[in-house]
> 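Right, I'll just put the structure down here and ask away after.
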Amino acid sequence: MGVHVVKLPDVGEGVAEAELVEWHVKIGDMVREDDPLAAVMTDKATVEIPSPVDGEIVWVGGEIGDTLAVGSELVRLQIAGTAKAAPEAAAAAKPAAAATPAKYPPATPTPKAPPPAAAPKAVAHPAGPAVVRRPPGEKPVASPVVRQAAREAGVDLRQVQGSGPGGRIAREDLDAFIARGPGAAASLGQSQRTEVTEIKVVGMRRRIAEKMALSKARIPHITIVEEVDVTALEALRAALNAGAADRPKLTMLPFLIKALVRAIAEQPSLNALFDDDAGVVRQHAGVHVGIATQTPAGLVVPVVRHAEARGIWDLAAEVARLAERARDGSASRDELSGSTITITSLGPLGAIATTPVINYPEVAIVGVNRMAVRPWWDGTAFVPRKMMNLSSSFDHRIIDGWDAAVFVQRLKALLEAPALMFVDA
């Protein structure tokens with residue numbers, strides 16, 4: 001018998017470490033070659049590490065949420081044959097640059113069935129004796145004397161937990177309940193709950209938290225909310241969808257991207273990244289639009305590259321493709337990075353207005369709010385119109401309030417008269 005060590009491989013160019021986000025195995029599990037061992041994440045790309053050999057897991061290199069350096073030990077497997085002193089990284093992951101592997105001292109084989117650790121001793125709760133909970137809806141058990149006392153005190157015994165056999169309510173239980181006061185009584189038929197669940201912030205959620213904290217800590221936001229009449233746009237969208245059954249469905253996003261491209265052509269300073277450490281604004285000619293997308297793992301931002309060179313149907317197809325890849329976790333690092341301005345939307349769940357947080361180090365973000373039919377005064381009467389608010393935030397260090405307002409008004413004009421998006425300047 002021997003021990004085979006699987007090290008964390010190079011999971012991407014220039015990556016020195018990765019966060020451990022999921023274990024597929026535990027100590028004592030038997031695995032076969034190519035079975036997944038763990039999943040690690042870096043820059044919102046998740047990579048599964050497979051086992052290069054058959055064996056038994058005898059050691060794991062960390063807990064969920066730990067950050068591991070490339071080349072550090074991930075797992076040790078007990079295998080048939082002699083121990084391997086210098087195991088190679090997992091086969092399916094991207095290989096690291098050639099280097100002389102560090103020697104690993106021979107490990108002592110771990111016994112198949114180690115003696116179980118002694119069970120921890122139960123610790124009595126300081127608040128008093130253990131309470132046997134009655135199943136919901138079960139009639140409380142108490143003596144006639146206790147029931148009479150409860151009636152006189154105006155107490156519903158279904159709210160009192162008994163400490164006797166089978167949850168039987170003693171006079172002491174009733175007295176203690178009364179002594180705690182009216183606030184102790186929960187709603188009829190329910191008991192108080194005191195559980196506290198600790199959830200470690202790891203993986204995608206930790207990446208999101210770090211980026212949001214960085215953005216709010218460094219960027220002084222200014223947010224402008226503007227009402228937009230999208231009645232004409234919705235009519236155009238419906239007509240185009242009705243006449244193009246073999247093409248991807250047009251949502252609001254392709255039109256908003258098209259409007260962004262036209263507005264940025266007039267105000268290129270909005271399509272930029274601000275390196276505040278170096279004090280340099282990098283203004284991009286290409287418009288690479290990040291689309292904030294909710295996935296089961298959290299919020300990711302796939303990027304529609306070179307939106308300025310795409311037509312409306314091409315934009316619709318690319319948005320749909322990226323959203324699907326983001327939601328199923330197959331989006332590549334290139335598809336999740338490199339945006340120069342971002343659009344965020346809560347879809348039909350959106351509120352009247354939001355205050356979107358800028359996707360650092362960008363200088364602007366456009367938020368789409370919920371669409372609703374509202375009465376609109378046209379000068380002679382109230383008419384129904386489809387209205388939607390845009391909530392746009394700007395980095396006030398780079399974008400002045402006047403320039404931000406001009407940008408928002410240009411977006412409003414383009415969305416309210418969508419034909420302007422398709423007319424050459």
> Between Glu362 and Thr342, do the side chains contain a donor N or O and an acceptor N or O under 3.5 Å apart?
yes
> Do Leu415 and Met421 have side chains that approach each other closer than 4.5 Å (heavy atoms only, starting at C-beta)?
yes
> Report the C-alpha separation of Met388 and Met252 in whole Å, then their side-chain angles, then the decisive distance to 0.1 Å, and conclude whether the side-chain contact (heavy atoms from CB on, under 4.5 Å) test is met.
CA-CA 11 Å; Met388 179 187 75; Met252 176 68 70; 4.2 Å; yes
> Tell me, do Arg305 and Glu318 make a side-chain contact under 4.5 Å, heavy atoms counted?
no
> Is atom CH2 of Trp23 surrounded by more than 12 heavy atoms (other residues, nucleotides or ligands) closer than 6.0 Å?
yes
> If we ignore hydrogens and angles and just use 3.5 Å, is the side chain of Lys200 paired with the main-chain N or O of Ile64 as donor and acceptor?
yes
> Which heavy atom in Ser330 sits nearest to a heavy atom in Arg325, and how many Å separate them?
O-NH2, 2.6 Å
> So Pro361 and Asp275, do their side chains get closer than 4.5 Å, heavy atoms only?
no
> Write down the atom of Ile79, the atom of Gly55, and the distance for their closest heavy-atom approach.
CG2-CA, 4.1 Å
> To the nearest 0.5 Å, what is the distance between OG1 on Thr231 and CH2 on Trp376?
10.0 Å
> Heavy atoms, side chains only, cut-off 4.5 Å: are Val5 and Lys7 in contact?
yes
> Please report the closest heavy-atom contact between Ala307 and Ile257, naming both atoms and the distance.
CB-CG2, 3.6 Å
> Under 3.5 Å, side chain of Thr293 to main-chain N/O of Ile291, donor-acceptor pair present?
yes
> Counting distance only, does the side-chain N/O of His221 pair as donor-acceptor with the main-chain N or O of Ile358 below 3.5 Å?
yes
> Taking the side chain from His284 and the backbone from Val287, do they hold a donor-acceptor pair closer than 3.5 Å?
no
> Verify, without hydrogens or angle tests, whether Ser337 (side chain) and Arg333 (backbone) share a donor-acceptor contact under 3.5 angstrom.
yes
> Can you tell if the side chain of Pro356 reaches within under 4.5 Å of the side chain of Ser393, non-hydrogen atoms only?
yes
> Using atom types as modelled and distance alone, determine if a side-chain donor or acceptor of Arg385 lies under 3.5 Å from a backbone N or O of Pro375.
no
> Examine the side chains of Glu48 and His24 and answer whether a donor and an acceptor come within less than 3.5 Å of each other.
yes
> For residues Gly401 and Ile222, report the shortest heavy-atom separation together with the two atoms involved.
CA-CD1, 4.1 Å
> Under the side-chain contact (heavy atoms from CB on, under 4.5 Å) criterion, do Leu260 and Phe407 qualify, and how do the steps go?
CA-CA 9 Å; Leu260 268 181; Phe407 179 75; 3.5 Å; yes
> Do Asn369 and Ser391 have a side chain donor and acceptor closer than 3.5 Å?
yes
> How many angstroms lie between atom CG of Asn389 and atom CD of Glu226, to the nearest 0.5 angstrom?
8.0 Å
> Counting neighbours of CD1 on Ile352 that are heavy atoms of other residues, nucleotides or ligands and sit closer than 6.0 Å, is the number greater than 12?
no
> Does a side chain donor of either Thr355 or Thr223 reach within less than 3.5 Å of an acceptor in the other side chain?
no
> Does the Asp378 side chain pair with the main chain of Thr380, one donor and one acceptor, at a distance under 3.5 Å?
yes
> Got a second to check how far Glu234's CD is from Met371's CE, nearest 0.5 Å?
3.5 Å
> So does Ile264 get a backbone contact from the side chain of Asn271, meaning a donor-acceptor N/O pair under 3.5 Å?
no
> Answer whether the closest heavy-atom distance between the side chains of Val304 and Leu322 falls below 4.5 Å.
yes
> Closest approach of Ser339 and Asn359, non-hydrogen atoms and distance?
OG-ND2, 3.5 Å
> We want to know whether Asp35 and Ser51 form a side-chain donor-acceptor pair, criterion being a heavy-atom distance below 3.5 angstrom.
no
> Salt bridge check: are Glu227 and Arg374 linked by an N-O gap of less than 4.0 Å?
yes
> Answer whether the closest heavy-atom distance between the side chains of His4 and Pro52 falls below 4.5 Å.
yes
> Donor-acceptor check, side chain of Gln283 to backbone of Ala272, threshold 3.5 angstrom: yes or no?
no
> Using 0.5 Å steps for rounding, measure from the CD1 atom of Ile399 to the OG atom of Ser392.
12.0 Å
> Measure the CD-CG distance between Glu56 and Leu77 for me, rounded to the nearest 0.5 Å.
9.0 Å
> Please check: side-chain N/O of Glu335 versus main-chain N/O of Pro302, any donor-acceptor pairing under 3.5 Å?
no
> Surrounding NZ of Lys26 (heavy atoms of other residues, nucleotides or ligands, distance under 6.0 Å), is the total greater than 12?
no
> Under 4.0 Å between a side-chain nitrogen and a carboxylate oxygen: does that hold for Glu324 and Arg321?
no
> I need the Leu256 CG to Leu390 CG distance, nearest 0.5 Å.
6.5 Å
> Let me see the working for Val281 and Leu273 under side-chain contact (heavy atoms from CB on, under 4.5 Å), right down to the final yes or no.
CA-CA 6 Å; Val281 176; Leu273 307 179; over 6 Å; no
> Quick test of your reading of the model: are Arg247 and Asp314 salt-bridged, counting only N-O distances below 4.0 Å?
no
> Apply side-chain contact (heavy atoms from CB on, under 4.5 Å) to residues Arg397 and Asp276 and explain how you reach the verdict.
CA-CA 10 Å; Arg397 299 171 299 177; Asp276 47 1; 3.4 Å; yes
> Answer whether the closest heavy-atom distance between the side chains of Arg262 and Leu420 falls below 4.5 Å.
no
> Do Lys412 and Asp229 sit within salt-bridge range, that is, some charged N less than 4.0 Å from a carboxylate O?
no
> Give the minimum heavy-atom separation between Asp403 and Gln267, together with the two atoms involved.
O-NE2, 3.0 Å
> So, using ring-ring contact (aromatic ring centres under 6.0 Å, His included) as the criterion, who are the partners of Trp377 when residues are at least two apart?
Phe382
